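Okay, so here's the structure we're looking at.
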Amino acid sequence: MATIVSTGQITIVDNNDARPITAFITASNGTQQVFSKDESTVTYTPNWSTANNTLSAKVYVGGTSAASEVAAQLSNKKWSNDLGTSIGSGTTLVVNTNLDPVVAVQKVYYFEGDYTDPVTGLVSHIIAQITLGVVKTGTNAVYLLTRGTSAIQQSDT
């Protein structure tokens with residue numbers, strides 16, 4: 001007579017039955033800043049230190065008739081710049097500093113959260129990203145007119 005040595009179980013999950021999820025981030029004051037330096041005047045347009053740029057996470061789950069916005073229902077919500085260190089939680093993040101046109105021409109923001117499908121119980125980890133950038137411009141040009149010996153001097157900007 002045979003002796004049962006082990007038993008097992010196989011669970012088959014069809015993830016095609018899961019509802020489609022779309023995630024993105026919007027910016028209240030746009031994704032681009034213009035940095036201008038004319039003589040001693042420095043301007044940012046728009047100036048995020050006075051008119052804050054609010055980033056809002058949008059997460060939509062498809063349904064039978066229409067998509068539903070579910071960002072507020074996510075668990076483990078987190079904002080970061082590197083998918084590691086948290087710089088905020090919730091569905092919005094306020095950017096209240098201007099980008100440095102020398103050090104950080106672009107800055108990436110990530111939003112993460114976990115969506116649990118109420119019907120299937122399937123947990124989906126959601127990641128959305130947005131890139132903010134700064135463009136350097138100016139109207140005053142520096143011209144070098146040399147006489148005699150030619151010289152080249154590096155610009156201060």
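All heavy atoms count here, side chains included; hydrogens, waters and symmetry mates do not. Because the structure is predicted, anything quoted here is derived from the model rather than measured.
By the 4.5 Å heavy-atom criterion applied to side chains, P46 and N29 are counted as neighbours. T137 is not listed as a side-chain neighbour of F35, based on a closest heavy-atom distance of 4.5 Å or more. For the pair V59/L74, a side-chain contact is recorded, criterion being any heavy-atom separation below 4.5 Å from C-beta on. The shortest distance between side-chain heavy atoms of Y115 and I21 falls below 4.5 Å. Proximity of S56 to F24: side-chain heavy atoms (C-beta onward) are nowhere separated by under 4.5 Å. Here the side chains of S36 and V34 are in contact, with some heavy-atom distance below 4.5 Å. Using a 4.5 Å cut-off on side-chain heavy atoms (C-beta onward), Q129 and T131 make contact.
Across every non-hydrogen atom of A71 and A57, the tightest pair is CB-O, 3.7 Å. Between V103 and D100 the shortest heavy-atom distance is CG2-OD2, 3.3 Å. Looking at every heavy atom in both residues, Y60 comes nearest to A67 through CB-CB, 4.2 Å. Closest approach of T41 and T43 over heavy atoms only: CG2-CG2, 4.0 Å. Nearest heavy atom pair, residue D117 against residue V119, reads OD1-N, 2.7 Å.
V134 and V42 end up in the same hydrophobic cluster when Ile, Leu, Val, Met, Phe, Trp and Tyr side chains are linked at under 4.5 Å. Criterion: ILVMFWY side-chain heavy atoms under 4.5 Å apart, direct or through other members. Under it, I25 and I87 are part of a common hydrophobic cluster.
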Checking side-chain contact (heavy atoms from CB on, under 4.5 Å) for the pair T92/L55: CA distance, chi angles, key distance, verdict? CA-CA 5 Å; T92 61; L55 305 180; over 6 Å; no
Run L93 and F111 through side-chain contact (heavy atoms from CB on, under 4.5 Å) and show every step you take. CA-CA 9 Å; L93 179 72; F111 172 78; over 6 Å; no
Evaluation steps, side-chain contact (heavy atoms from CB on, under 4.5 Å), between V95 and L132: CA-CA 10 Å; V95 177; L132 304 181; 4.3 Å; yes
Go through it in stages, so that I can follow the logic: the residues are S86 and K78, the test is side-chain contact (heavy atoms from CB on, under 4.5 Å), and I'd like the CA-CA distance, side-chain angles, deciding distance and then a yes or no. CA-CA 6 Å; S86 176; K78 178 176 82 168; 3.6 Å; yes
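Qualifying salt bridge (charged side-chain N to carboxylate O under 4.0 Å, His left out) partners for K77, counting only residues two or more places apart in sequence or in other chains: none.
Under the 3.5 Å distance criterion, with hydrogens and angles disregarded, no donor-acceptor pair is assigned to the side chains of N96 and N52.
Here the side chain of Q33 pairs a donor or acceptor atom with the backbone of L99 at under 3.5 angstrom. The closest donor-acceptor contact from the side chain of N76 to the backbone of E112 lies at 3.5 Å or more, if one exists at all. Of the possible donor and acceptor atoms, one in the side chain of N53 sits under 3.5 Å from a partner among the backbone N and O of S28.
Tested against K58 for a side-chain contact (heavy atoms from CB on, under 4.5 Å), the candidates T22, V70, T91, T26 yield a single pass: T26.
Here Y110 is tied into one hydrophobic group with L83, V108, I127, each link being a pair of ILVMFWY side chains closer than 4.5 Å.
If you take CH2 on W79 and CD1 on I130, they are separated by 8.0 Å, rounding to the nearest 0.5 Å.
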